[in-house]
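Here is the structure we will look at, set down as structure tokens.
The sequence lines fix the lettering, A, B, ..., with proteins before strands; numbering per chain opens at 1. Just so we're clear, the structure is a prediction, and the values are computed from it rather than from any experiment.
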Amino acid sequence: MGNCFSPSTFTDSSAEPTPTPLEHEQTAASSRRLSSAAKGKERVRDSLSRHHRRTSSFLMGTGPSLGALRTYATLPNPSTALPPSKLLLSTPNTIAVFDAYPKSKYHFLVLPRYPFPPQSEPDSNRSIVPLEALDDLKSLLLKADRRAKKEVLRAMADTAREVEEMIRDEMLKTEGFEWKIDVGFHAIPSMKHVHLHVISEDRISPALKTKKHHNSFRPDLGFFISIMEVQRWIQDDQNTLDRIESLSGAQALLDTPLTCFKCDEPFSNIPKLKQHMEKEFAKEKEIALKHIARHGRQRSSDEEMF
DNA sequence: GTTCTAGAAC
DNA sequence: GTTCTAGAAC
């Protein structure tokens with residue numbers, strides 16, 4: 001696997017800079033300003049409607065960054081269309097991609113593909129869910145039938161497990177020990193197309209810059225929802241509308257005061273928290289490496305991981 | 001989702 | 001004076 005897996009390459013896979021033709025348009029417009037008042041008004045109107053189209057496309061998640069996942073998920077052949085710097089793996093029903101702005105040392109997204117064929121015929125172009133049901137978790141809960149929900153979530157969970165194994169291999173290679181990995185959804189995502197985060201539990205990354213970043217991945221807060229919890233909702237037939245209401249109410253959780261989610265220590269700003277997370281990781285690594293030196297392994301064979 | 005930046009916090 | 005956050009723009 002080599003360094004194609006290393007977090008440092010994540011930054012290479014980050015989204016292309018947003019093209020900004022606005023400046024050019026304005027220059028061209030101003031050079032013609034005196035030629036004709038009527039044409040001038042026309043240009044202003046054009047420019048305004050272009051601006052509106054662009055703004056609304058961002059809000060609808062079809063812009064260059066907010067709509068990227070939908071583009072990936074609907075590719076007929078992701079492994080030829082996407083470079084290895086973006087695509088980790090693909091199956092008939094799912095793909096796993098590098099998060100363009102990883103919030104930990106390892107951070108991937110698992111997406112259901114569309115069309116999403118039934119497991120019985122993986123090569124068919126038939127989809128057991130409409131595309132609208134794959135907009136986000138809420139849409140999946142509302143617009144897919146129970147059987148399809150379970151199938152989509154199971155396919156995503158299976159791929160997430162595969163991604164976890166790859167991450168653990170890499171952890172062992174680069175740090176000499178393995179640490180926890182979280183698998184879950186954001187209650188309120190900002191990118192279109194339902195995506196499952198597979199993220200190592202260290203929160204050490206240059207792209208983690210704000211309180212909201214940190215809070216949105218806290219495993220204990222409620223904004224980050226483990227896939228096992230979502231699968232329980234469906235398995236136990238819990239009221240879908242109640243679950244969706246709880247998702248919508250999660251926005252306020254992001255304003256929770258900054259504390260280390262491992263030891264609860266409060267911090268007055270992000271740089272201080274980031275320093276602390278480095279220390280937490282160093283401490284965890286030291287303990288794990290000592291344990292391995294003593295026992296020849298990180299966990300005993302009859303013990304559950306973590 | 002990120003970037004940019006004004007002004008709050010220090 | 002510098003650091004940092006939060007809100008608007010994209």
Side-chain angles (χ1 to χ4, degrees), chain A residues 7-27 46-74 82 85-88 95-104 106-112 134-139 182 184-199 203 205-218 221 223-225 247-248 250-260 266-278:
Chain A
S8 60
T9 60
F10 291 4
T11 45
D12 299 335
S13 69
S14 55
E16 299 77 12
T18 308
T20 316
L22 195 61
E23 291 162 339
H24 301 279
E25 288 166 15
Q26 282 172 339
T27 313
D46 282 356
S47 158
L48 284 175
S49 80
R50 251 197 313 280
H51 177 262
H52 175 260
R53 270 200 303 279
R54 263 190 330 153
T55 303
S56 51
S57 82
F58 263 99
L59 293 173
M60 288 163 57
T62 55
S65 72
L66 298 186
L69 299 184
R70 171 56 53 85
T71 305
Y72 299 164
T74 51
L82 294 172
S85 59
K86 291 189 176 170
L87 183 71
L88 181 69
I95 60 172
V97 297
F98 288 75
D99 190 294
Y101 299 91
K103 303 304 187 293
S104 272
Y106 302 97
H107 187 182
F108 298 89
L109 305 178
V110 173
L111 323 179
L134 299 180
D135 282 355
D136 51 28
L137 182 58
K138 186 172 165 177
S139 301
D182 301 314
F185 300 93
H186 276 164
I188 302 171
S190 29
M191 283 183 297
K192 186 149 159 174
H193 201 83
V194 59
H195 52 283
L196 180 64
H197 294 271
V198 182
I199 181 170
R203 305 299 114 86
S205 168
L208 198 159
K209 296 175 176 174
T210 69
K211 177 161 79 173
K212 285 181 186 189
H213 287 157
H214 187 255
N215 283 342
S216 73
F217 286 104
R218 281 188 70 137
L221 199 62
F223 191 90
F224 186 87
I225 300 158
L247 290 181
S248 310
Q251 187 68 40
L253 297 170
L254 298 180
D255 291 325
T256 304
L258 258 193
T259 64
C260 170
F267 290 93
S268 56
N269 61 46
I270 284 284
K272 284 174 185 167
L273 174 72
K274 288 177 68 110
Q275 269 196 303
H276 172 80
M277 296 316 289
E278 295 276 5

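Here the two rings, on His197(A) and His195(A), have centers that are under 6.0 Å apart. Between Tyr101(A) and His213(A), the distance separating the two ring centers is not shorter than 6.0 angstrom.
Between the side chain of Thr62(A) and the backbone N or O of Gly67(A), no donor-acceptor pair lies under 3.5 Å. In terms of modelled atom types and a separation under 3.5 Å, the side chain of Lys103(A) and the main chain of Lys209(A) share no donor-acceptor contact. In this structure, Ser104(A) contributes its side chain and Ile199(A) its backbone to no donor-acceptor pair below 3.5 Å.
To the nearest angstrom, C1' of dT2(B) lies 9 Å from CG of Leu66(A). Between the CG atom of Leu109(A) and the C1' atom of dG1(B) there is a distance of 11 Å, rounded to whole Å. As rounded to whole Å, 13 Å separates atom P of dG1(B) from atom CZ of Phe185(A).
A close approach under 4.0 Å does not occur between any side-chain nitrogen or oxygen of His213(A) and OP1 or OP2 of dG1(B). OP1 or OP2 of dG1(B) has not a single side-chain nitrogen or oxygen of Ser65(A) nearer than 4.0 Å.
Ring geometry, Phe217(A) versus His186(A): the interplanar angle falls from 30° to 60°, so the pair is classed tilted.
Stacking annotation: Tyr101(A) is not stacked on the base of dT2(B) (requires ring centroids less than 5.5 angstrom apart and an interplanar angle below 30 degrees).
Counting non-hydrogen atoms under 4.0 angstrom, Lys192(A) reaches nothing in the nucleic acid. His195(A) comes within 4.0 angstrom of nothing in the nucleic acid, heavy atoms only.
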Scan nucleotides 3-8 of chain C against the protein and return all N/O pairs shorter than 3.5 Å with their distances rounded to 0.1 Å.
from	atom 1	to	atom 2	distance (Å)
dT5(C)	OP1	Ile270(A)	N	2.7

